[in-house]
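Reading through the structure tokens given below for one structure.
Basis for what follows: all heavy atoms, side chains included, without hydrogens, waters or symmetry-related copies.
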Amino acid sequence: MDFGLKYFKPFTGSLALRYGITTETDGLASSATLKDYISSKLPINPVKQCIYQTLIPQAILNPPVSWYGSWSGSPKEEQFIKRIYPIPGESEIHMIWWDTVSPMVNWNYTNKWAEAYRSPKIEFSVAQSIMLENDALFADLVLPSCTQLEREDFTYHGLGPRLLWGGDQGNFVMVYMKKCIEPMGESKSDYEICRLVAERLGLENEFTEGNTIGDWVRKCYQRTSLPERISFEEFKEKGYYVFKFPDDWPRKPGMRRFYEDIRNNPLNTPSGKIEFYSERLAQKFPDDNERPPVARYIAAGETHQESLICDRARKYPLLVDTTHPRYRFHSQYDTVSWLHEIPAHKIIKKGYPYEALWMSPRDAESRGIKHGGLVRIYNERGSVITAAYITERMMPGVVRIPNGAGYDPIEIGKSSRGGTINTISPLNTTSKNAFGMASNAYLVQVEKWEEKLQ
């Protein structure tokens with residue numbers, strides 16, 4: 001592969017986690033992860049049980065649970081395989097170990113996650129966390145992680161379909177991440193945390209295979225095509241290498257080959273052509289009215305009643321638009337104080353940065369809400385305290401608040417003032433036969449908030 005990954009399949013933590021092999025979102029997660037990179041083989045997970053992530057609360061509180069499908073890059077047949085937790089004869093969850101502490105602010109109905117975390121079924125929980133945020137608040141033990149500026153690593157930029165699924169060209173950057181400073185306080189890298197745990201279990205050599213971080217970085221370098229282009233010493237000194245598109249690379253827009261020669265470049269459908277009617281869905285799930293063979297708008301169904309035509313809209317007459325945030329990446333950077341100075345992002349009241357809830361002047365006036373005033377956005381799943389940002393850019397009947405704001409509970413499992421809107425989103429998957437969370441455009445009500453919080 002001309003962009004450098006010549007021998008191994010790249011799986012960052014967000015992907016590899018679904019195979020149960022990693023405890024880090026990027027870089028040197030664990031020696032097991034790196035061995036899989038280097039061997040170019042998918043990992044073989046000895047643990048056969050799994051839970052689709054958005055079903056974790058139900059799996060803990062009300063097992064058994066079942067679902068169809070796997071992650072989005074899996075073969076199409078995966079969506080028709082039914083999975084169940086717990087597997088008959090296997091144990092339920094008794095311990096949680098977090099390394100990414102953001103489900104509470106990025107996944108659906110996370111007030112229910114709070115209930116699950118506090119279940120007596122969970123006998124012990126540990127979190128690796130940098131800033132003691134979100135889910136880490138529920139941990140019995142917190143292992144402080146350092147930032148990526150405090151560790152040595154090997155990484156890449158430019159991840160995309162060509163990198164994951166093959167190809168021969170692409171703009172791509174390999175990076176030797178240099179440690180800027182030593183880890184602060186008692187914090188350590190995620191790799192070092194796992195190494196120390198392995199050491200106490202008598203498994204350090206099995207985990208490290210006798211390698212240091214520097215050894216693993218060199219092994220990563222050696223298993224790419226970098227040695228053909230730059231020496232390890234030069235790569236380490238420079239810190240990066242850019243793989244560029246050749247000037248004579250034939251540019252082919254998406255599906256151009258299919259357009260030019262359908263017979264020899266068929267699509268991955270039964271007919272090999274673009275299909276507006278899904279034969280597979282009609283055959284496998286003929287009674288799924290929320291995911292019919294022909295895609296169409298469905299306002300409400302047996303899984304979701306979150307439309308303005310539903311009876312619930314009489315009590316909760318507004319639709320909340322929960323976008324991805326503009327001024328943070330999911331939950332990352334929500335604590336960066338200088339970003340709080342952006343009025344459309346946060347509104348500071350008595351020194352506290354409340355998330356801005358965008359709403360139309362008409363909706364605000366009818367509720368006696370003033371710009372910058374504290375408001376309570378709620379439904380039967382809980383409530384969130386925010387500050388009103390009144391703007392003509394919002395149409396009446398719709399309010400907007402992005403996901404990812406930090407979890408700051410007033411009453412655990414019921415209310416938060418951190419702007420954590422996903423705590424009150426729906427819990428069900430997109431349909432009874434399709435995994436995936438539905439966390440946008442659901443019913444809420446908004447009212448002035450008078451109670452003193454300071």
Review point. Judged by atom type as modelled, is there a donor-acceptor pair below 3.5 Å linking the side chain of Gln148 to the main-chain atoms of Asp153?
Key: no
Practice item. Apply the side-chain contact (heavy atoms from CB on, under 4.5 Å) test between Tyr68 and each candidate in Glu78, Lys432, Lys82, Gln79; give the one that qualifies. Key: Lys82
Review point. Is the side chain of Thr430 donor-acceptor paired with the backbone N or O of Ala438 at a distance under 3.5 Å, no angle test?
Key: no
Review point. Side chain of Ser416, backbone of Val384: donor and acceptor closer than 3.5 Å?
Key: no
Practice item. May I ask you to say whether Arg328 pairs ionically with Glu355, meaning some side-chain N is under 4.0 Å from a carboxylate O? Key: yes
Exercise for review: Indicate yes or no: does Glu150 engage Lys179 in a salt bridge with an N to O separation below 4.0 Å.
Suggested key: no
Point to revise | Step-by-step side chain to side chain contact (heavy atoms under 4.5 Å, CB included) determination, Leu427 to Thr54 | key: CA-CA 8 Å; Leu427 183 62; Thr54 59; over 6 Å; no
Exercise for review: Tell me whether the guanidinium CZ or amine NZ of Arg417 lies under 6.0 angstrom from the six-membered ring centre of Tyr352 and within 45° of its axis.
Suggested key: yes
Point to revise | Worked check of ring pair (Phe, Tyr, Trp, His ring centres under 6.0 Å) between Trp98 and Tyr117 | key: CA-CA 11 Å; Trp98 296 278; Tyr117 289 160; 4.9 Å; yes
Review point. Okay, side chain of Ser360, backbone of Glu392: is any donor-acceptor separation there less than 3.5 Å?
Key: no
Check your understanding: Does a salt bridge link Glu306 with Arg381, judged by any charged N lying under 4.0 Å from a carboxylate O?
Key -> yes
Exercise for review: Keeping the roles fixed (side chain from Thr322, backbone from Asn422), state whether a donor-acceptor pair exists under 3.5 Å.
Suggested key: no
Exercise for review: Please identify each residue that fulfils side-chain contact (heavy atoms from CB on, under 4.5 Å) with Tyr378, with sequence neighbours left out.
Suggested key: Tyr316, Arg376, Ser383, Gln445, Glu447
Exercise for review: Could you tell me whether a side-chain N or O of Asp363 sits under 3.5 Å from a main-chain N or O of Pro396, the two making a donor and an acceptor?
Suggested key: no
Point to revise | Side-chain donor/acceptor of Ser278 to backbone N/O of Leu281, under 3.5 Å | key: yes
Review point. Under 3.5 Å, side chain of Lys178 to main-chain N/O of Lys236, donor-acceptor pair present?
Key: yes
Practice item. On the 0 to 90° scale, with breaks at 30° and 60°, tag the His345-Tyr327 ring pair as parallel, tilted or perpendicular. Key: tilted
Review point. Where do Tyr52 and Tyr85 land on the ring pair (Phe, Tyr, Trp, His ring centres under 6.0 Å) test, with the steps shown first?
Key: CA-CA 9 Å; Tyr52 181 66; Tyr85 165 88; over 10 Å; no
Review point. Is it true that Glu380 and Arg312 have a side-chain N and a carboxylate O under 4.0 angstrom from each other?
Key: yes
**Study point:** Backbone N/O of Met104 and side chain of Asn134: donor-acceptor pair under 3.5 Å
**Key:** no
